[in-house]
Asks: 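Mind having a look at this structure? Questions to follow.
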There are 2 protein chains.
Amino acid sequence: MQKQENLSKNQKIILDLIEKSSGPLKAYSILFNVKKQGIKAPLQVYRALDKLIEIGKIHKIESRNAFVACKNSNCQVSKATAFSICESCEDVTEVSNLKLSKYLSNFADKSGMKYNKYNLEFFGLCKNCKK
Amino acid sequence: MQKQENLSKNQKIILDLIEKSSGPLKAYSILFNVKKQGIKAPLQVYRALDKLIEIGKIHKIESRNAFVACKNSNCQVSKATAFSICESCEDVTEVSNLKLSKYLSNFADKSGMKYNKYNLEFFGLCKNCKK
DNA sequence: TAACGCTGTGTAATAATATAACATAATTAA
DNA sequence: TTAATTATGTTATATTATTACACAGCGTTA
Ligand SMILES: [Zn+2]
Ligand SMILES: [Zn+2]
Ligand SMILES: [Zn+2]
Ligand SMILES: [Zn+2]
């Protein structure tokens, strides 16, 4: 895994912001929040996001167009991601369940396709919201 | 399940187009293709898409912002979807595997979340592309 | 019939998300 | 030290999706 020390300036700024956030952040909200640190254009944000995704430091929540820090310590799983998303408060938690990831990583159907990556999003109501 | 006869004019036009397509369609490509049938504005397309998704006739491929017809006959599974996506040719196939859907529908982790829906996207190379 | 709720339509404007194109600097590899 | 690779900065633009408002059609029901 690439060390954080190897990240570029913009990548560090943006990873730092995402890691400190309590929930998923959207690209333009990230942009807004890093303007004071000299990042002025969407592309600067998207480029950093792309890199951070590539090295597994963050993940994109596809159904929300939002980005979260990886919560699996020393994550190797940018290619095998699962999240649970509360449809009421929009809280997102990264699911880390070894049985699930093994099951999905080994999944094969009759299509003859070779999978090298998956993304799973569960939806429902979190503990708080289902009260 | 709602029958196609109950669909509105715009909904029928758009479902028909998606069902006849060999792959996922994007919203503005749909718009372009139904202009001759009197559908002129993005919102008309998105409204029909929303309804068709709601009743399970189509699904959205979240990672691609594209829409496909449901291939599970008499589909009740708009709340439990799985797709395999070829990263080379962008071909998309709906995975229908009873074991998988049971496994995921019953999945529960320690988070205390009650899931009522999931979406799973597998990525890889299809038969043709991995040659 | 009239009032109402509900679903769908039409239209214009705009918001939100993401990328293309081009120029340059910094870092790494050969 | 040349070349290749990676990152940056900037402007413009493309793509995806929603807000807001006006109105039409249909079934319920008062
Ligand atoms: Zn992770
Ligand atoms: Zn919640
Ligand atoms: Zn389906
Ligand atoms: Zn392919």
Side-chain angles (χ1 to χ4, degrees), chain A residues 1-18 21 23-68 87 90 92 119 121, chain B residues 1-18 21 23-68 87 90 92 119 121:
Chain A
M1 191 190 68
Q2 183 167 358
K3 297 194 206 79
Q4 182 160 355
E5 292 78 61
N6 295 334
L7 294 178
S8 76
K9 175 171 142 279
N10 289 359
Q11 289 158 14
K12 273 181 206 157
I13 291 170
I14 286 172
L15 176 57
D16 190 55
L17 179 70
I18 296 175
S21 167
L25 291 176
K26 305 211 135 207
Y28 278 71
S29 139
I30 292 169
L31 176 58
F32 178 83
N33 280 286
V34 296
K35 282 230 161 122
K36 46 186 174 289
Q37 286 158 92
I39 295 175
K40 291 169 189 159
L43 192 48
Q44 294 174 288
V45 172
Y46 282 105
R47 285 196 285 222
L49 291 174
D50 285 348
K51 183 66 180 186
L52 293 169
I53 288 169
E54 188 193 322
I55 64 176
K57 286 295 197 179
I58 66 170
H59 304 300
K60 181 173 185 181
I61 309 301
E62 294 286 356
S63 65
R64 299 299 187 260
N65 298 315
F67 304 86
V68 286
E87 291 185 296
E90 292 294 327
V92 170
N119 179 56
E121 298 181 4
Chain B
M1 191 189 67
Q2 183 165 358
K3 297 196 206 74
Q4 185 160 352
E5 293 76 60
N6 296 334
L7 295 178
S8 76
K9 175 171 144 279
N10 288 0
Q11 289 158 14
K12 273 182 206 157
I13 291 170
I14 286 172
L15 176 57
D16 190 55
L17 179 70
I18 296 175
S21 166
L25 291 176
K26 306 212 138 207
Y28 277 70
S29 142
I30 292 169
L31 177 58
F32 178 83
N33 280 285
V34 296
K35 282 231 162 120
K36 45 186 174 292
Q37 287 157 92
I39 294 176
K40 291 169 187 158
L43 190 48
Q44 294 174 286
V45 172
Y46 282 106
R47 285 196 285 221
L49 291 174
D50 286 348
K51 182 67 180 185
L52 292 169
I53 288 168
E54 188 192 323
I55 64 177
K57 286 296 197 179
I58 67 170
H59 304 299
K60 180 172 185 182
I61 308 302
E62 293 286 357
S63 65
R64 300 297 188 258
N65 298 316
F67 304 86
V68 286
E87 290 185 296
E90 292 293 327
V92 169
N119 178 57
E121 298 181 3

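Letters A, B, ... mirror the listed sequences (proteins, then strands); counts begin at 1. No experiment lies behind these values; they were computed from the predicted model shown.
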Asks: Tell me the closest heavy-atom pair linking Leu17(B) and Val34(B), and the distance in Å.
Replies: CD2-CG1, 4.0 Å
Asks: For the backbone of Ser29(A) and the side chain of Asn33(A), can you confirm whether one donor and one acceptor N or O come within less than 3.5 Å of each other?
Replies: yes
Asks: Say whether, by atom type as modelled, one donor and one acceptor occur between the side chain of Glu121(A) and the main chain of Glu62(A) under 3.5 angstrom.
Replies: yes
Asks: If the cut-off is 4.0 Å, is Lys9(B) near the phosphate of dG10(C), judged by side-chain N/O to OP1 or OP2?
Replies: yes
Asks: Tell me: OH of Tyr46(A) to C1' of dA21(C), nearest whole Å?
Replies: 18 Å
Asks: Expressed as a whole number of angstroms, how long is the span from Ile61(A):CD1 to dA18(C):P?
Replies: 13 Å
Asks: Roughly, in whole Å, what's the span from CD1 in Ile53(B) to P in dA17(D)?
Replies: 9 Å
Asks: Would you tell me if any nitrogen or oxygen in the side chain of Asn65(B) comes within less than 4.0 Å of OP1 or OP2 on dT15(D)?
Replies: no
Asks: What is the separation between atom CD on Glu62(A) and atom P on dA16(C), rounded to the nearest whole Å?
Replies: 20 Å
Asks: State whether Lys40(A) places a side-chain N or O below 4.0 Å from either non-bridging phosphate oxygen (OP1 or OP2) of dT10(D).
Replies: yes
Asks: Provide, to the nearest angstrom, the distance between the CZ atom belonging to Phe32(B) and the P atom belonging to dT16(D).
Replies: 15 Å
Asks: Examine dT9(C): is either OP1 or OP2 under 4.0 Å from a nitrogen or oxygen in the side chain of Ser8(B)? Give yes or no.
Replies: yes
Asks: Using atom CG of Leu43(A) as one end and atom C1' of dT6(D) as the other, report the distance to the nearest whole Å.
Replies: 14 Å
Asks: On DNA chain D, does the nearest nucleotide to Lys60(B) precede the nearest nucleotide to Arg47(B) from the 5' side, or the other way round? Give the residue.
Replies: Lys60(B)
Asks: dT7(C), OP1 or OP2 - any side-chain N/O from Lys51(B) closer than 4.0 Å?
Replies: no
Asks: What distance separates Leu43(B) CG from Leu49(B) CG, expressed to the nearest 0.5 Å?
Replies: 10.5 Å
Asks: I want to verify a distance call: between dA7(D), dA21(C), dG10(C), whose nearest atom is closest to the Gln11(A) side chain?
Replies: dA7(D)
Asks: Measure from CG on Leu31(A) to P on dA18(C) and round the result to the nearest Å.
Replies: 13 Å
Asks: Specify the separation, in whole Å, of atom CZ of Arg64(B) and atom C1' of dA17(D).
Replies: 19 Å
Asks: Applying the 5.5 Å / 30° rule, does Tyr28(B) stack onto the base of dT16(D)?
Replies: yes
Asks: Let me confirm one number: the CD1-CG distance from Ile13(B) to Leu15(B), rounded to the nearest 0.5 Å.
Replies: 11.0 Å
Asks: Do the side-chain N or O atoms of Gln44(A) get closer than 4.0 angstrom to the phosphate oxygens (OP1, OP2) of dT8(D)?
Replies: no
Asks: Measuring to OP1 and OP2 of dT27(C), would you say a side-chain N or O of Asn6(A) lies under 4.0 angstrom away?
Replies: no
